Amino acid sequence: MASATLLKSSFLPKKSEWGATRQAAAPKPVTVSMVVRAGAYDDELVKTAKTIASPGRGILAMDESNATCGKRLASIGLENTEANRQAYRTLLVTAPGLGQYISGAILFEETLYQSTVDGKKIVDILTEQKIVPGIKVDKGLVPLAGSNNESWCQGLDGLASREAAYYQQGARFAKWRTVVSIPNGPSELAVKEAAWGLARYAAISQDNGLVPIVEPEILLDGEHGIDRTFEVAQKVWAETFFYMAENNVMFEGILLKPSMVTPGAECKDRATPEQVSDYTLKLLHRRIPPAVPGIMFLSGGQSEVEATQNLNAMNKGPNPWHVSFSYARALQNTCLKTWGGQPENVKAAQDALLLRAKANSLAQLGKYTSDGEAAEAKEGMFVKNYVY
């Protein structure tokens with residue numbers, strides 16, 4: 001009885017308070033707050049992206065890690081030393097008139113802080129050539145647990161502080177490469193991980209003043225046909241843009257670096273430049289908003305000539321985006337072999353680089369012809385299970 005009295009007196013409201021109690025307990029309207037990025041660098045990001053995506057110009061990808069650069073040097077009989085890496089990078093950035101065809105150069109961290117053999121900062125040399133310096137910011141691929149022997153890209157930890165330092169050093173755009181493997185699936189897990197990582201990287205880059213190059217590379221490895229590549233590419237780009245929107249990425253301040261839609265490297269049915277163009281442009285129209293200023297294709301192991309022919313075919317008609325190139329081996333392969341590590345070959349090597357840069361400049365304008373191309377430039381550069 002005592003406990004019942006206690007309950008009645010301590011916890012139940014009096015009759016005169018019932019209405020007030022019911023009114024106080026009534027549900028309140030739910031307010032949804034949305035976080036919108038501050039956009040401190042928005043105008044600069046748009047300007048940088050448009051500069052890189054300027055007519056007749058594309059990107060020189062020279063961001064090979066020191067280990068990968070060592071493999072390239074080994075192919076011409078040179079040791080992987082900082083002095084040899086410096087000599088080769090000096091050769092590339094000091095090619096006279098390179099800025100006529102190249103609007104941006106992606107650098108490895110060592111190169112961003114490096115000087116030429118003459119003691120001039122590489123970043124300053126690029127700026128003088130009206131080439132925007134960029135920086136590779138990912139930390140490479142590692143096995144993705146729970147997947148079908150697939151990979152994911154690491155590097156988000158500490159990315160904001162690293163990019164703030166890169167901006168101070170003169171970088172104005174960034175690159176993050178992740179991969180999707182068709183022979184290994186690709187699994188839903190791998191596709192979502194690739195898309196989410198790219199979206200987080202893009203948002204962090206824009207917050208630190210760097211235009212993000214978004215690169216989900218669909219590897220050439222495999223015997224699959226062009227239709228299978230198209231199917232996978234549609235899925236990958238749909239996921240990537242969904243997660244970029246979720247992360248409030250400003251599409252006017254990004255650049256894309258996709259793979260062209262081609263058959264697998266070991267497929268018996270090869271595709272013509274016209275077929276590659278048709279499939280690739282169909283993919284872009286279905287998945288890429290016209291707000292994106294530039295699409296800078298990777299070569300992905302195609303021969304120098306093949307990469308240029310395919311780019312040229314895509315620029316035969318008008319596109320809502322600047323369709324161009326971001327090539328490494330497809331610009332440098334003949335250049336590197338011509339140099340051979342010999343000082344007396346520097347000019348000839350630079351001429352080879354400029355020849356390829358001009359060819360791709362013409363391809364960006366839809367004016368390239370393959371007449372007179374050397375047989376060496378037509379040799380494929382696909383490497384199975386290639387590690388960058």
Side-chain angles (χ1 to χ4, degrees), residues 35-42 44-45 48-49 61 63-68 106-113 133-169 171-181 184 186-219 235-251 253-259 292 296 298 326 387-388:
V35 178
V36 180
R37 56 185 296 272
Y41 292 99
D42 280 3
E44 183 182 346
L45 292 168
T48 300
D63 58 316
E64 299 90 347
S65 66
N66 287 347
T68 301
I106 312 172
L107 310 176
F108 189 61
E109 187 176 60
E110 178 182 77
T111 321
L112 183 68
Y113 292 91
I135 179 70
K136 168 187 165 72
V137 298
D138 68 77
K139 292 294 186 180
L141 301 169
V142 291
L144 177 61
S147 72
N148 185 26
N149 197 27
E150 295 162 288
S151 302
W152 69 285
C153 189
Q154 57 187 347
L156 289 176
D157 289 349
L159 179 60
S161 58
R162 286 191 289 120
E163 289 194 321
Y166 298 151
Y167 184 92
Q168 291 300 317
Q169 185 63 18
R172 288 298 178 268
F173 71 99
K175 180 203 135 176
W176 177 286
R177 173 187 179 258
T178 193
V179 301
V180 173
S181 170
N184 289 356
S187 67
E188 288 285 331
L189 174 63
V191 172
K192 287 184 183 297
E193 175 58 45
W196 176 256
L198 285 165
R200 290 302 306 138
Y201 139 78
I204 294 167
S205 297
Q206 288 188 339
D207 279 350
N208 287 280
L210 302 182
V211 170
I213 288 185
V214 178
E215 182 183 358
E217 180 177 353
I218 297 170
L219 297 173
K235 176 66 174 172
V236 169
W237 281 109
E239 292 281 347
T240 301
F241 271 95
F242 172 79
Y243 285 120
M244 282 200 291
E246 289 283 293
N247 282 274
N248 299 306
V249 173
M250 181 181 65
F251 294 162
I254 67 173
L255 295 167
L256 306 185
K257 186 170 179 176
S259 313
V292 174
M296 325 298 283
L298 59 90
S326 177
V387 178
Y388 191 64

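Values in this document were obtained by computation on a predicted structure and should not be read as measured data. Residue numbers run from 1 in the order of the sequence given.
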Legend entry - S151 side chain to P143 backbone, donor-acceptor under 3.5 Å: no

Inset, instruction - Decide yes or no on side-chain contact (heavy atoms from CB on, under 4.5 Å) for F173 and I106, but give the supporting numbers first. - result: CA-CA 8 Å; F173 71 99; I106 312 172; 3.7 Å; yes

Legend entry - T240 side-chain N/O to V236 backbone N/O, donor-acceptor pair under 3.5 Å: yes

Legend entry - Backbone N/O of V137 and side chain of R162: donor-acceptor pair under 3.5 Å: yes

Legend entry - With sequence neighbours excluded, residues passing salt bridge (charged side-chain N to carboxylate O under 4.0 Å, His left out) with E44: R172

Legend entry - Non-neighbouring partners of E193 that pass side chain to side chain contact (heavy atoms under 4.5 Å, CB included), sequence neighbours left out: L144, W152

Inset, instruction - Please report the closest heavy-atom contact between A171 and I135, naming both atoms and the distance. - result: CB-CG2, 3.8 Å

Legend entry - Reported CZ-to-CD distance for the pair F108 and E64, which is rounded to 0.5 angstrom: 10.0 Å

Inset, instruction - First locate atom CG of L112, then atom CG of L107, and finally report the distance between them rounded to the nearest 0.5 Å. - result: 6.0 Å

Inset, instruction - Apply side-chain contact (heavy atoms from CB on, under 4.5 Å) to the pair V214 and K257, showing each step before the final yes or no. - result: CA-CA 6 Å; V214 178; K257 186 170 179 176; over 6 Å; no

Legend entry - Spatial distance of atom OG1 (T178) from atom CG (L198) [nearest 0.5 Å]: 6.0 Å

Legend entry - Close aromatic pair by centroid cut-off 6.0 Å: Y41 and Y167: yes

Legend entry - Euclidean distance, L159 CG relative to W176 CH2, rounded to 0.5 Å: 6.0 Å

Legend entry - Reported OG-to-CD1 distance for the pair S326 and I213, which is rounded to 0.5 angstrom: 5.0 Å

Legend entry - A165: partners by side chain to side chain contact (heavy atoms under 4.5 Å, CB included), with sequence neighbours left out: Y113

Inset, instruction - State, yes or no, whether a side-chain contact exists between Q206 and V211 at a heavy-atom distance under 4.5 Å. - result: no

Legend entry - Least distance between heavy atoms, V180 atom then A194 atom: CG2-CB, 4.4 Å

Legend entry - Pairwise distance CD(E215) to CG(L298) - rounded to 0.5 angstrom: 5.5 Å

Legend entry - For N148, all residues meeting side chain to side chain contact (heavy atoms under 4.5 Å, CB included), sequence neighbours excluded: E150, N184

Legend entry - M244 and E246, any side-chain heavy atoms less than 4.5 Å apart: no

Legend entry - E239: side chain to side chain contact (heavy atoms under 4.5 Å, CB included) partners, not counting sequence neighbours: V191, K192, A195, K235, Y243

Legend entry - For the student: nearest non-hydrogen atoms of P216 and S259, plus distance: O-OG, 4.4 Å

Inset, instruction - Please tell me if the side chains of S147 and S187 come closer than 4.5 Å, counting only heavy atoms from C-beta onward. - result: yes

Inset, instruction - Kindly determine whether F241 and V292 satisfy side-chain contact (heavy atoms from CB on, under 4.5 Å), including the steps that lead there. - result: CA-CA 11 Å; F241 271 95; V292 174; 4.0 Å; yes

Inset, instruction - Can you tell me which residue pairs pass the side-chain hydrogen bond (donor to acceptor under 3.5 Å, both in side chains) test with a partner in residues 196-205, sequence neighbours excluded? - result: E163-S205, R200-N247

Legend entry - Residues E109, K136: salt bridge by 4.0 Å N-O rule: no

Legend entry - Nearest heavy-atom neighbours spanning N208 and A164: OD1-CB, 3.8 Å

Inset, instruction - Give a yes or no answer on whether the side chain of D138 reaches the backbone of G140 with a donor-acceptor pair at less than 3.5 Å. - result: yes

